[in-house]
Each structure stands twice: as C-alpha cells, then as structure tokens.
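Both ligands and their constituent atoms are indexed starting at 1 by order of listing.
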Amino acid sequence: MSVRRRAGVPSALALVVVTVVVTVLAVLAGTTAGAGLAAERARPSPAPSGTLLDEVRHSGRLRVCTTGDYRPFTYRDPRTGSYSGIDIDMARDLAGSLGAKAEFTPTTWGNLLTDLTAGRCDIGMGGISVTLDRAREAVFSEPYRTDGKTPIARCADKDRYGTLARIDRAGVRVIVNPGGTNETFARAHLHHATIIVHRDNNTIFDEIVAGRADVMITDAGEALYRARLHPALCAIHPDRPFTFAEKAYLLPRGDQEFTNYVDEWVHLRTHDGTYRRYARAWQ
Ligand SMILES: O=C(O)C(=O)Cc1ccccc1
C-alpha cells in the first residue's frame, strides 16, 4: 500500500511534467495535429540519395521508357506526339504518387533493355512481358496482368490458323513486329511459314486486313483490342493462348528502395480497382 501511495505522488507529478514538456516540444517542432499536416505538405522533397525513389521526388520527374506502339498499353499519336494507354495512365499515377510528372522517353522493343540499363529512363512501362532474358539484365516489378500468345487473322480465315501446326505451313505469311516477344516466339516455333518483319506495330494489322500477310501471333490483350478496332480481324482462341506470360514494369537493378515502392504501388493499384478502371477505359 505505502509503496503504491509513495509511487503515486511522484507518478502524478511526473505525468504533469512529462505532458508539459512533450506539449512544448511538439509545439516547437510544429507537430501538433494541424501543424503536422501543414509541415507534411511543406516538407521539401529529399535530396538525391542514390535511390531513384528520392531522385524522382526531388526532381519532380519520372522518366518512363515506352514504345508507344502497343495498344491498349502504350500509344504515341504520330500527329501530336502525345501518349495514351493503360500503362500511360499507370505511369502518370505512379509519378503523381511521388509528387512528380511522368516524362515519356520513346524507345523500341529492341532497345528497351539497353535504354533502361544505360539510365536513359527510370522505368520501362507499356505492356512489357516478363522474360528471363530481361530479368537477367534488369528487375521486374510485381506483375499486374497475365497474357499469352494467340493468333489474329482475317475472320474469314479464322478456322485455318487455330494451331501452331496449321500456321507453320509453307505459304502462310506470319507477320511480326521486331525486337520483342512476338518475334522471339515466331522464330522459335515457325520453321515452314514465311515470317514477315513489319517495323511499325501501329500499322501491322492493316497489312493483314489488306491481304499482304495472313496471321499475326501476339498477346491476347492486343489481339482482342485490335479485333475490336478492325472488324475484319478475329482473335483466335484468346482465352486459350499458346503461352503464359505476365506483364510487369521494368526497373533498373540494384535499387531496392525504388523496387519496393513500385511493387507496393502495383500491389495497391491492382487490388484497389485503379488498374481495372484504367483498363476498362481502353476496352
Ligand atoms: O516484348 C514484349 O514484352 C512484348 O510483349 C512485345 C509486344 C509488342 C507488341 C505486341 C505484342 C507484344
């Protein structure tokens, strides 16, 4: 009892003293509730510290390498030079979350990895498939979507190109865009068909419509999107693609803080409905 009483008096006194001291310190440091928010807004972004996370916040720029030729993920309007697409919206969202603006750096499927590893951009975005070749040179974020290769052809021919064996025949003209997974897939699996390399992925589907090529094997997401744009074309079994692939964002090696941040951001945006909302707008 006496112990408790003796302890009680100093405790009460100590509590008063501690409360006063903490309140004074908090006011001086500007960390009371209202001042805390103001301080949060006013706090200058951190100086570059070797991680892109701080560099992007400090500079206010997120440099995004994107090909601009792969709808619905990334599209560059040749007349205005402006970018649009699901991953363009995602890039702006990521940049915004860091208090920065997305700046788009044009690249190609063949140059994407080199542009990123040479530091010409902070992140690669735009329907990029996860491949082990890329994963050896750079880092992939958490994936945000699954996909896989499926044929797209003139609807009149849609029963002719359902299997790889039926596509890989002498006389069948398979058109591919160079430098990415479509070309890699075609070269690995087609030995009898004629492979036509067409540089501009934005006009490649017109070649099939015009009858200058017969079939393209591309990601199901693109095939479905293109079939909607070109009514003469049909995506063939997009629900049963030849391959399994994942789409993710490409990051430089050796920056754990930035990778962690992008992973958290992908995780949140794919679970809170944001990614779905952006994707729906491009259906
Ligand atoms: O290389 C990749 O990551 C791709 O998925 C390339 C690509 C580009 C355009 C259409 C389909 C796939």
Exercise for the section: Please write down residue, atom name and distance for the protein heavy atom closest to atom 12 (C) of ligand 1. Expected result: D219 OD2, 3.4 Å
Problem - Check: R63 side chain, G119 main-chain N or O, donor-acceptor pair, under 3.5 Å - result: yes
Exercise for the section: Identify whether the distance between the nearest side-chain nitrogen and carboxylate oxygen of R154 and D214 falls below 4.0 Å. Expected result: yes
Fill in the blank from the handout: Within 4.0 Å of some non-hydrogen atom of N182, the atoms of ligand 1 are 10 (C), 11 (C), 12 (C)
Fill in the blank from the handout: Residues P143 and A248: closest non-hydrogen pair is CA-CB, 3.9 Å
Problem - F258 and L251, any side-chain heavy atoms less than 4.5 Å apart - result: yes
Fill in the blank from the handout: So for N201 against ligand 1, with non-hydrogen atoms under 4.0 Å, the contacting part is side chain
Exercise for the section: Would you please classify the geometry between the F242 ring and the F185 ring as parallel, tilted or perpendicular, with 30° and 60° separating the classes? Expected result: parallel
Handout entry: Nearest-contact summary for atom 4 (C) of ligand 1 - protein heavy atom, Å
Key = T181 OG1, 3.1 Å
Problem - Check against salt bridge (charged side-chain N to carboxylate O under 4.0 Å, His left out), D219 and K149 - result: CA-CA 4 Å; D219 290 324; K149 299 297 175 202; 2.9 Å; yes
Problem - Polar contact flag for K149 and ligand 1 (N/O pairs, less than 3.5 Å) - result: no
Handout entry: ligand 1 atoms in contact with T218 (distance to a heavy atom under 4.0 Å)
Key = 10 (C), 11 (C)
Fill in the blank from the handout: disulfide bond (SG atoms under 2.5 Å apart) pairs touching residues 88-205, sequence neighbours excluded, are C65-C121, C155-C234
Handout entry: For atom 9 (C) of ligand 1, closest protein heavy-atom neighbour
Key = N177 ND2, 3.3 Å
Completion exercise
For G180, the ligand 1 atoms with a heavy-atom partner under 4.0 Å come out as 1 (O)
Handout entry: Heteroatom distance test (Y70, ligand 1): nitrogen or oxygen, under 3.5 angstrom
Key = no
Exercise for the section: Just jot down the ligand 1 atoms closer than 4.0 angstrom to any heavy atom of K247, in number order. Expected result: 5 (O)
Exercise for the section: If you link ILVMFWY side chains whenever their heavy atoms are less than 4.5 Å apart, which other residues fall into the same cluster as I208? By chain and number, please. Expected result: I152, I175, I196, I204, F205, V209, M216, L233
Completion exercise
One finds that the ligand 1 atoms under 4.0 Å from a non-hydrogen atom of S129 are 2 (C), 3 (O), 4 (C), 5 (O)
Completion exercise
So the atoms of ligand 1 within less than 4.0 Å of a heavy atom of I128 turn out to be 3 (O)
Completion exercise
Looking only at protein heavy atoms, what sits closest to atom 1 (O) of ligand 1 is R134 NH2, 2.7 Å
Problem - Sub-4.0 Å atoms of ligand 1 with respect to non-hydrogen atoms of E222 - result: 10 (C), 11 (C)
Exercise for the section: Without swapping roles, check the side chain of H237 against the backbone of T150 for a donor-acceptor pair under 3.5 Å. Expected result: no
